[in-house]
Amino acid sequence: PERPLHGPEQDRREEALHITSQARNWYAKGLLAALVLREAQPHVESLLVLPDHPRYRQFLKSTVTGLAAAQVHVVLLSPEGFCECPTWRP
C-alpha cells in the first residue's frame, strides 16, 4: 500500500488536483476580466497571469487566435518566478 502523504508533499498534490479541476473556471474568469479591462481602457495592455500548468497551456493553445484579436496577453508564471508569454515582454 502507498504511504499516506503529509506536509508539503500532500499540499503539492492537493494543489495540483485543485488547479486541474478549477482551471477552466479560473481561465474563463481571468479572460473575462482582461476583456473588460481592454474595453474600459483600450490604450493599455491587458495581461492574464496564470501559473505554468499543463491545463492552462492547453487553454492558451486553444484560444491563441481570439487572444491575439482581443489584444490580451496570457503570461505563464513558473514556480521559480520566470514568466513566459510569446506576445508580451516585461
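- Under the rule for a side chain to side chain contact (heavy atoms under 4.5 Å, CB included), the partners of P90 that lie at least two apart in sequence or sit in another chain are C83, W88.
- The hydrophobic cluster containing V64, built from Ile/Leu/Val/Met/Phe/Trp/Tyr side-chain heavy atoms closer than 4.5 Å, comprises no other residue.
- Under the rule for a side chain to side chain contact (heavy atoms under 4.5 Å, CB included), the partners of A70 that lie at least two apart in sequence or sit in another chain are L35, V72.
- Judged as a salt bridge (charged side-chain N to carboxylate O under 4.0 Å, His left out), and not counting sequence neighbours, E45 has no contacts.
- Partners of L50 by side chain to side chain contact (heavy atoms under 4.5 Å, CB included), not counting sequence neighbours, listed by chain and number: Y27, L48, Y56, V74, L76.
- Tracing side-chain contacts under 4.5 Å through hydrophobic residues (I, L, V, M, F, W, Y), one never reaches L47 starting from W26; they form parts of separate clusters.
- In this structure, NE2 in H53 is found 9.0 Å from CD in Q58, a value given to the nearest 0.5 Å.
- L31 and L37 sit in two unconnected hydrophobic clusters of ILVMFWY residues. Membership requires side-chain heavy atoms under 4.5 Å apart, directly or through other members.
- Under a 3.5 Å cut-off, the side chain of S78 and the backbone N or O of F82 do form a donor-acceptor pair.
- Going from atom SG of C85 over to atom CG of L77 covers 11.5 Å, rounded to the nearest 0.5 Å.
- Using modelled atom types, one side-chain atom of H73 and one backbone atom of T87 make a donor-acceptor pair closer than 3.5 Å.
- Residues R57 and E84 are in side-chain contact: their nearest non-hydrogen atoms beyond the backbone lie under 4.5 Å apart.
- Residue pairs meeting the side chain to side chain donor-acceptor pair (under 3.5 Å) criterion with at least one member in residues 31-41, sequence neighbours excluded: R38-Q71.
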